[in-house]
Structures are given as C-alpha cells and as structure tokens.
Amino acid sequence: MKHQFVKALRLGLVCLSIGLLLVFAKQKVQAATTYDIATDVTYPPFEYANSRNKYVGIDIDLIKAIAKTEGFKVRIKPMSFNGGVQAVESGQVDGIIAGMTITPARRQKFDFGTPYFKTGASMAVAKNSHITSFKQLRGKRVALKTGTAAADYAESIKKKYGFKTVTFDDSNNMYQDVTTGNSVACFDDHPVLHYAVKQGVKIKLVGQPATSGWYGFAVKRGQHAALIRKFNAGLKKLKGNGTYDQIVNRYLSSQKNPAVRNKTFQIATDVTFPPFEFANAANHYVGIDMDLIRAIAKDQGFKLVLKPMSFNGAIQAVQSDQMDGMIAGMSITPERQKQFDFSKPYFNSGVVMAVKSHSTIAKLSQLRGKKVAVKTGTAGADYANSIKKKYGFKTVTFDDSNNMYQDVITGNSVACFDDHPVTKYAIHKGTKLRIVTKPVETAPYGFAVKRVHNAALLAAFNTGLANLEASGQFDQIKGKYLGAPGKAMPVTADSKTDNSFFGLIKQNASALGEGLQETLLLSVVSIFFATIFGIIVGLLGVVPIKWLNWLSTTIIYIFRGLPLLVLALFIYTGIPSLTGEKIPAFVAGVITLAFNEGAYTAAFVKGGIAAVDPGQMEAARSLGLPFSKAMRKVILPQGLKIMVPSFINQFIITLKDTSILSVIGLLELTQTGKIIIARNLEGFAVWTIIALMYLILITLLTWLSNWVQRRMKA
Amino acid sequence: MSEKIKVTNLVKSFGTNHVLKGINFEIGDNEVVVIIGPSGSGKSTLLRTFNGLEVPTSGSVLIHGVDITKKKVDLNTVRRNVGMVFQHFNLFNNLTVGQNVMLAPVELQLKDKASATKQAKELLANVGLADKFDAHVQSLSGGQQQRVAIARALAMEPDIMLFDEPTSALDPEMVGDVLDVMKDMAKRGITMVVVTHEMGFAKEVADRVVFVDQGKIVEEGTPEEIFDHSKSQRLQDFLNKVLSV
C-alpha cells in the first residue's frame, strides 16, 4: 500500500511540474507578442469561416501577414461587429479589424491605422426586381446590417425617400430578407455586396456607391500606439512588396483569371436562336449568349472561337470533346446534368405558346387532336412533351426555329412552344404569330461543358458572369436585345433593309459567296479522295485474292449502308471520343464523304470491271501478262469507259451531299442559308437563291464532265 | 523424253459435274494433235488445263516436264511459251491491231518497241493483214480478227500453240483463211493442239487425232485410224453426225 502511495505522489508531482511549465511558457509568449484582435463573425470577403471552418478573408489574411512581418502574434476573436466594437472599448481585446469604416464619430472613441481598403455604401435588390433608384423605395422595407457605415447612410436618407428599415446582425440574414421579398432592398458596403453577387446570392447592385469611405484597423483611443505603429509599418511593407494586392485579389479577383488567361476555347452555339444567337446583317454572330460569352472572355482574359452549328450538333460536339463548351440558350435539366457540368444559371426564360395571328386557339385545351410544332432540344419541346398526353395533342419536331414557325404559319401545326424571348423576338421581326399564354416557369439557361471536363473554363464563366452581373454589364446586354423590362422592344433598323429577291442577294452576297466557296472546296477535295478510295476498294474486290474481295465487300457494305448523316456525326463526334484528338469539321466532312461516296464509287468500279468481257483477261493472261499488267493495260481502260457516266453521276451526288455536312457546323451553302434565314426569316426567298446556286453548280459540273467524256471517246 | 505435254490421270469437276474423268495424254515435239468430240465432251476444258486457265481437280499436267498444277510454279513464265487462240478471238478492244500484237513482248520487256513493231508487221504480213497495223479491232471481220489473234500469240514465239475451236465463231467464207494460216504453221513444224470440228483440217494436217467423249479419251490414232477404221460405236456415231452435215 505504502509503495503505491509513493508512486501516486510521484506521478502527481510530475503532472504538476509539467502543468506549471506550460503555464509559465504560455504567459511568457503572451507577455511578449500576442494581441487579441476582434473581428466580425461573417462579413465576406473580409472575414468569414471557410468550408473547413477556418477564419479567412481580406482582413484576416492582412492582419496575419502584418503580424508576421512585424514579429508579433495575433489571436483572432470572431464576434459580432457590435460586440467587437464594445470589446475594444472595454479593453477585452487589443484591436479590431472588421471592415470598419472610418467615421468622425468612431474617431472620437478609436485610433485608426492607415486606411487599408476603399469602400462605399451601395444598394442591392433582388435579381428580378425592377427597382433602379432610391425613389422607388417609398413605403417599402429596406434591410440593413447593424453597425455598418452603409446602415448609417441608409438611416440618414430614409426620411427623405420614405422607406422603413429592418436590421440584421449578419449579412446572410439580410440578403435572405431581400431575396425572399420581405425587404425590397438592402444597403451594405460595396465590396461586400459585390462579393455576395459573385458567390451567387440572388441580388444585384443598383447604381454606383452612394458614399465613399475607407476601412481602417482600430484600437481604443489613446492606447496601443505601438500596435498602430506596427500595423502601419506592416501595411506599408505589404503594399510595397505586392502581398497586399495578392491578398485582395485572392478574394476580389478583378484581375484576369490565371487558369484560363490567353487560352483559346472553342465554344459551340446554335445557328438560329434569336435573340440569343444569330448572325446580324453583317453576318457577325450576335445575341445575348454571344455578347455574354464575349464579355466573359474579355473579363476573364481568355480567347474564344465561336462555332455555330445546330443545337443537337453542338451538344454532340461538346460531348465528344470537339468543343470545349457550349452556350445556346440551353436549359439546365437533370438529364443534361448527367452529361454536362453547367454554370450558374444566367437566364430565366419561360415557355410560351404561340399561334397564327388570326388563329382562334388561345388555350391549351383547344389543342386536343391537333399537331404542335417544337424545336429539338428546347425547353419548349420538353414542356410540350410533358403536357401532350394531358391535352391530347401531337408534336412535330424541327431543327430550327424558322422551320417551326413556318409550320405554324402554313397551318400544318396549330401552335408552337418556344422560349418567351425567342418567340417575342420572332414576332417583333415580322413572323405572323401571336403569343397566347403566359410564360411557364422552366429550367433556366446555363453555359455547359462536358462533365468533369474544362472545370477551369466553367469556373471562369461563373466568375465572369458574377462580375458582369455585379457591374450591371449583363443587364445592359439583355436590355440591348430584349428592351428594358416592361417596355416595348426597341425597333431595330431592319425595317429599312431591302428584302426583295435581288435585295437579299445583294445583301448576302459575301456570305453566299463564302458558302459557295466552302461547298466547292468541300466537293472538289471530297470527290478527289472518294474517287481514289473508291477505285482502290473496287480493285480489291476484283483481285484474285479471297480475303481482299471480302474486305472490299465489307467496306462497301458498311459505308454504303450507313446514312450519310449518321456517318458524319459518327466521324465528327465518335472519332474524338475514341482517340481523344479533335478533328476539324472540314476534315471530318471530307472523311465522311470520301467513305460514303467512295463506297458507291467502289461498287460501280467493281461492276464496271466485271462488265468487261472475261475473255479479255483470259487472253491477256494467256500471253503471260501478270494480273496487275493485264488489269492496267487491258481491263481498266475498257472498264473506265463503262464507268464514266457513273462517275459523273457520283460527282453530282457528292456535291449535293455536302449540304448534309451542315449538321457538323461547316459553313457551306446550306448552312449559310440557314444562318441568313435565322436572321431575316425570309425562308422562301433564301432557299430559292440557295437552290438556284446548287443548280448552277451542278449544271457547270455536268458540262465539265460531258466535255471530259467526249475527250475520252475521241 | 521428247514429249512437250504430258497429262496423267487428269480429273476436273465443277461441283458435281465431272467434266474430265481421268485423262492420260501426251504430245511430242513438232506434233500436230487434233482433239475432236461432241459438244460438252470436255475437250475445251482439257485444252485450257494446258496453260493453267483451268486448274485440274486432280492429276498432273507436265509442260516441258514441269507440273504446272503445282502452286509454286510461275504460270506467267509457262504461258510465255504456250500460245492460245480462242473461239471468240478476245482481241483487246481498247488497242489497235498493231498494239494487240506488240503488247505482251513490250510489257514483258522481251523486245524494245522498235523490234516489236518490226516483228508485229512481219507477223501481220504472214497472216495476210500487213495493211491493218493501225486499224481498230472493231473494224475487222471475224476472220481477220482471228488471224490477228494468231499473230498476237506468235509474237511471244511460243513453242506450243493451243487452238480452242478457232473457226467455230466464223462465217463459213472466213474459215478457209484461218485454216490456211494454221496449215502453214503446221508445215513449219510448230507443235499444235487444236480443238476443232473441222474434220477436213484434221485429216489433212493432224499427226494424231484424239476422240474425247464424256470426259474420257475414247480413241486416238492417226487420221486414217480414226476416220477410216474407227473401233468404237461412239466414235462412229459421232463421225456419222458430223460428216453427214
């Protein structure tokens, strides 16, 4: 027993001495260099707990960096702003850094360090709010955060503008009060609101900051002069060596985004989805999406190659890595989220039903048994399909808006469903339709990249979008195409353009010329490769080697059996998925045609050779000529003569088939037509022009072929 | 051994159709052999095995002692020495008369163009067509075409000539010209195997006549033995039919 008691006593003594040592050590450090600094609980981007519950922010990083430079230690004490102010006053803490605006009133009680951040009071409203000025606040409720300079400012003008205020202790609750509509607006420091918008809080800034001021680090007046000195010295050093800028940029990066800077991204878009994307009179791609992505590229410092293709083509191009991303009035749906990563939503559209101007149909219930036109991949199509059982109508699907409208105007369909702004824009442009329903809430639009791909681009888009929303630039873009909310759409200058047949030709001469060139180039290159491929495969079919014959038959079977459209999409979107290498649309187009037309060529080459009297081959071989010589000198010259009409026919077919390649976004003649029509909605006239151009091309080709044929006979 | 062609146990079947049912046959140097027999008896098929146009089902075909039914034999080399004349002439329709004759020697680099031209002109003169050197094949009559075909085969200077019913596709008045050319060749001592229905030619020119019926050689011998002292009933029946026409 005694022995055990001694043991316990000894253990106790050891513990005691360790404890004493720890206490002494702690007191020693504390006495030397540690300051308690109060800060706000949550005032991003100046102070807030990050996802790992660690306190970060401009204020926190700044005071820590200064402490490090000046050789002291800080203990951050997050408390409410008011609590912090009081803690400094009562001497419980040594200083406060909490986005605290330097005001004359505060100077009575505190000593401030060198001002470290410019600020000002700004007003923000809910994203969909129509409030644009203080005047509209009369009789309304405005949310404030206690103790902020912005709150003081709001209080100072509330009488003048006749609004009421409600006060919150933290920013999130204040924002929520606005987004839920309890309050119509809130006032806070400009950088704080800016940051909130960037983080996706559904508010927007209104106007420029109403006041301007500076944040300062504060200590109790007349005390801690040493701390202020150290703070000022440290701040000066940090500003000098760039650390200050680094810290600020970490949270308020208005700088270009280094992850995407100077990189070039290929972005796919739809050809015809005004007012989101369409070619203007100068054949330049414009629209809300186009202006937005360009502005974001500029904001984030990346380069952009925009590729208009059909909506479905764009989806496949992104999935197959041919394109880095797409922006095409694309609704964020759960199905698509399985394949794509979406940006923050940038547009809420809403689907409407439109009918012919003089139609008597005004309600969904009148659609029973009727046909309704929709456009592939749109929210309108999804909506129509979701209600078609209930209302008993059938849908017919089009690849572009203009064809869909035409179907309604000609009476084939009784109505169409499309996004509200799109339909509104078309009507504004003279399409003889009438909107008969209120917009139905649908999934908002987002910018998309392939799932888990291009994360940097997506992040850059989100950051850029937040910046543009915060600066009001995005509102400007929307206003440009949709008019100010509630106002009529701006009348565009289009009314003075000449939409007569020859006027259209003149207006679009350069676009049509380029389309023609592309079609010609595509035809010539494709015919060249298709002919070589076809002759080789055809010959493989007649050589006296069994497995080569089999190979030839199989190649012909596959490439003649596949629809050209399927083959084009397969090569353009499939090959990159397999190899991880992008192929340019032109190359994909040529490969497609070379295979498809080459297979037909191979079939008639085989047939042409078989049509030569077998006695010719026997006679040549009997003289001792090898197969290849007999083929070259005797059989082919006779076979080619038989094949000439088939070749001419195949050339003409190839030329026409280039039009199918418009699906992969090649700007050939047909695609050019689609784009022009998307802009001016003059479908009949433009298709007539395009049709005539094809006929002229084919006539020329036929003449050329006949001339060659005559020369061969001679 | 002086035989140029030696055929042993030759069998040729097309699926279940047994065309040749075990042929043994040989041809000596400078010999002219005429093969006769009813249509479908297999005589053309037999002839076409001599230059590899038909591959036998079994048995062997020795040309100058080389078995050409063996896979590793280069038929192109064998064929240079075995000329063939077809029933339907098979002149190359894309070439002129002269080009037809010159094609093989020039392409196989046996002669340069100048000497090939010279030879072609001589050969065409020998068959009575000196003036047709630049003519198009289609402009010639059947008899003329067949003589060009003979000249074309001779241009390779073969030491065996095979004729597959060379006059069967000709109008009667053309037959004489062609047979004259062939008789002339026989006189010059060229080894020839001729499948024909021209019994007069056989009697006059052949060293030996072979009668083939139903895929077998029924009788063979001198023209006298065959035509005047035929032993088998089948040959007698055949001769009665042919000669009564």
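Within every chain, numbering begins at 1; the chains are lettered A, B, ... in the order of the sequence lines, protein sequences first and strands thereafter.
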Chain A contact via [X] - side chain, backbone, both or neither, heavy atoms under 4.5 Å:
X: Leu162(B); answer: neither
X: Val85(B); answer: neither
X: Arg152(B); answer: both

Donor-acceptor pair, side chain of Asn51(B) and main chain of Gly624(A), under 3.5 angstrom: no
Given 3.5 Å as the limit, does a donor-acceptor pair link the side chain of Lys629(A) with the main chain of Glu107(B), or not? yes
Tell me the closest heavy-atom pair linking [X] and [Y], and the distance in Å.
X: Gln638(A); Y: Asn94(B); result: NE2-OD1, 3.2 Å
X: Phe86(B); Y: Ala619(A); result: CE1-CA, 3.6 Å
X: Gly615(A); Y: Asn90(B); result: O-ND2, 3.1 Å

How about [X]: does its [atom1] atom have over 12 heavy atoms from other parts shown lying under 6.0 Å from it?
X: Lys118(B); atom1: NZ; answer: no
X: Phe529(A); atom1: CZ; answer: no
X: Lys633(A); atom1: NZ; answer: no
X: Glu173(B); atom1: CD; answer: yes

Can you list the steps and then say if Asn93(B) with Val634(A) is a side chain to side chain contact (heavy atoms under 4.5 Å, CB included)? CA-CA 8 Å; Asn93(B) 292 318; Val634(A) 177; over 6 Å; no
Side chains of Ser622(A) and Val82(B): closer than 4.5 Å at any heavy-atom pair? no
Walk me through it: do Glu618(A) and Met84(B) pass the test side chain to side chain contact (heavy atoms under 4.5 Å, CB included)? CA-CA 10 Å; Glu618(A) 283 188 351; Met84(B) 178 95 171; over 6 Å; no
Between Leu623(A) and Phe92(B), is a side chain to side chain contact (heavy atoms under 4.5 Å, CB included) present by the stated rule, with each step listed? CA-CA 12 Å; Leu623(A) 287 166; Phe92(B) 305 138; 4.0 Å; yes
Side chain, backbone, both or neither: which part of Ala630(A) has a heavy atom under 4.5 Å from chain B? neither
Would Asn76(B) and Leu625(A) satisfy side chain to side chain contact (heavy atoms under 4.5 Å, CB included), going step by step from the backbone distance to the final call? CA-CA 6 Å; Asn76(B) 291 331; Leu625(A) 289 171; over 6 Å; no
